[in-house]
Amino acid sequence: MDASGEACRATWGSRLGFVLAAAGSAVGLGAVWKFPYVVGQHGGGAFLVIYLGCVLTLGVALLLAEMTVGRLTGQSITTALRTLGGRAWAWVGRIATFNAFAILSFYVVVGGWTVTYLMRAFTGSVLANDTQRLVAEFSAFTANPVASLASMGVFLGLTALIVAAGVQKGIERAGKWLMPALFLLMLLVIARALTLPGAMAGVAWFLTPDFSIISGDTLLEALGLAFFSLSLGAGMIVVYGSYLPRDARLAGSAVWVATLATLACCLAGLMILPAVFAFGVPPDAGPGLTFITMPAIFAQMPFGHAIAIAFFLLLLFAALTSAVSLFEPVAAFLIDEYQWRRSTAVLAVFVATFLFGAPAALSFGIWSDVRLFDRTIFDLMDYVTVNLLMPAGGLCIAIFVGTSIWPKARTVLEGSRAQWFVPVWRVLLLVLTPIAIFGVWYQTF
Ligand code: PFF
């Protein structure tokens with residue numbers, strides 16, 4: 001993130017600046033698009049409980065660990081790990097940066113869907129009561145290679161422009177208003193969704209755990225989603241931690257970021273899943289769930305047209321702040337490691353992401369038959385990066401912070417009221433995180 005030079009590595013004026021930036025990365029399509037459909041595929045309440053359990057334990061511990069690495073060095077992940085741990089650890093940083101690139105490549109596909117739905121919201125064509133029609137429209141759009149590649153290109157282009165212009169900070173600051181606006185709008189939509197006939201069955205399904213349906217795969221998805229929704233395991237939080245002022249309270253900031261990210265997920269769940277039941281859409285309908293359900297809710301709301309526009313605008317903003325947080329470290333890596341010019345690096349990341357993301361986009365249409373390990377290209381990219389590489393990255397950072405740099409790491413909590421948390425943090429890093437990650441992988445494979 002220090003791509004534009006040392007001068008830019010000013011510390012955040014306040015802790016709020018950090019929390020906003022990290023939450024801007026965390027709150028995005030993960031909450032509004034991924035969370036509802038993954039909960040939908042994995043049985044509702046029990047999944048929610050496991051997801052929340054992961055966030056509250058390893059999620060908070062790892063947020064704090066990544067922030068600590070950034071705070072101790074003031075550097076982004078690869079350089080930070082090299083400074084603190086030597087050349088071998090720098091490899092963890094390189095792999096994490098590659099992972100950020102791979103996540104970005106499928107993230108932009110869904111970012112493109114948001115762009116298209118925003119345009120449809122402007123024209124009003126998105127509003128429809130008939131969910132059969134909405135399903136058909138979503139399938140037709142995502143299967144159309146020109147439409148899906150073009151919308152992906154627009155979203156990626158917007159992300160690249162923000163990074164090239166170096167206006168990330170301004171965008172993050174705008175989050176101070178736009179993130180609460182998104183939350184408020186979600187509350188409004190929830191109010192409508194909950195009053196739809198049949199919606200309460202969805203609420204009960206979302207909030208009542210039935211642990212008998214839990215499989216290894218469910219545990220893996222919940223773990224992966226915890227990493228994805230908190231932007232963990234790919235070095236993102238290290239970057240934000242590097243800007244933290246010396247006197248910022250780290251533990252409190254970690255709890256804030258985790259709270260905002262999970263709140264966004266829970267609001268999205270309450271917005272979509274009751275409506276899914278009310279409209280008779282199967283909850284396991286897959287990645288299109290949000291895009292199929294939202295327009296039908298808007299169609300049943302007063303001022304639905306305006307609300308649809310505001311919703312997709314705010315969602316696009318949230319998606320862009322997350323995509324920028326993935327794009328920037330990849331570009332910064334090329335600048336720091338290979339001394340590329342900033343404009344060259346941004347262009348290279350743009351082109352590489354487009355090429356890597358295109359097969360994922362096409363896997364909803366002309367390449368839907370291409371299956372690897374029984375998954376479409378999109379699903380495989382999502383699965384490998386979110387469920388395998390992110391936990392692996394998190395595990396390495398947990399072990400690094402809990403062993404190699406522990407004497408230094410614990411000092412970041414000095415003077416904080418949360419002294420009781422210091423030993424708990426170490427247990428979470430060195431015992432719970434490895435047991436949970438290896439345990440879940442063992443169950444699944
Ligand atoms: N947390 C983001 C979201 O939920 O949309 C996605 C994300 C951003 C994941 C940055 C990973 C990351 F490093």
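Keep in mind it's a predicted model, so treat the numbers as computed, not measured. Atoms within a ligand are numbered from 1 in the order they appear, just like the ligands themselves.
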inquiry  = What protein heavy atom lies closest to atom 12 (C) of ligand 1? Include the residue and the distance to one decimal.
reply    = Leu326 CD2, 3.3 Å
request  = Starting at CD1 of Ile335, measure out to CH2 of Trp340 and round the result to the nearest 0.5 Å.
outcome  = 10.0 Å
key: Ring-face cation contact, Phe312 with Arg120, 6.0 Å cut, 45° max   = no
ask   = Pick from Phe311, Trp113, Tyr37, Trp33: which one makes a ring-ring contact (aromatic ring centres under 6.0 Å, His included) with Phe291?
value = Trp113
ask   = Which atoms from ligand 1 have a heavy atom of Leu29 less than 4.0 Å away?
value = 5 (O)
query = Has Ala100 got any heavy atom lying under 4.0 angstrom from an atom of ligand 1?
reply = no
task = Answer yes or no: is there an ion pair linking Arg71 with Glu66, defined by an N-O contact shorter than 4.0 Å?
result = no
query = With atoms numbered from 1 as shown, which atoms in ligand 1 lie under 4.0 angstrom from a non-hydrogen atom of Ala26?
reply = 1 (N), 2 (C), 3 (C), 4 (O), 5 (O)
key: ligand 1 contact by Met390, heavy-atom criterion under 4.0 angstrom   = yes
key: Protein residue, atom and distance nearest to atom 13 (F) of ligand 1, heavy-atom basis   = Met236 CE, 2.8 Å
task = Out of Tyr107, Phe327, Phe228, Trp33, indicate the one that has the non-hydrogen atom closest to atom 5 (O) of ligand 1.
result = Tyr107
request  = Determine, for Tyr243 and Lys169, whether the Lys NZ or Arg CZ falls below 6.0 Å from the six-membered ring centre while staying within 45 degrees of the axis.
outcome  = yes
ask   = Who gets closest to atom 2 (C) of ligand 1 by heavy atom: Gly30, Gly393, Ser25?
value = Ser25
key: Aromatic centroids of Phe356 and Phe101 separated by under 6.0 Å   = yes
inquiry  = Are there over 12 heavy-atom neighbours, none belonging to Trp406, within less than 6.0 Å of that residue's CH2?
reply    = yes
request  = Could you tell me whether Ser325 approaches ligand 1 through its side chain, its backbone, both or neither, with non-hydrogen atoms closer than 4.0 Å?
outcome  = side chain
query = Among all protein non-hydrogen atoms, which one is nearest to atom 8 (C) of ligand 1, and what is the separation to 0.1 Å?
reply = Ser231 OG, 3.3 Å
ask   = With a 4.0 Å cut-off on heavy atoms, is Phe227 touching ligand 1?
value = no
Proximal ligand 1 atoms for Ala234, defined as those under 4.0 Å from one of its heavy atoms = 13 (F)
inquiry  = Does the Lys NZ or Arg CZ of Arg375 fall within the cation-pi geometry relative to Tyr383 - under 6.0 Å from the ring centre and within 45° of the axis?
reply    = yes
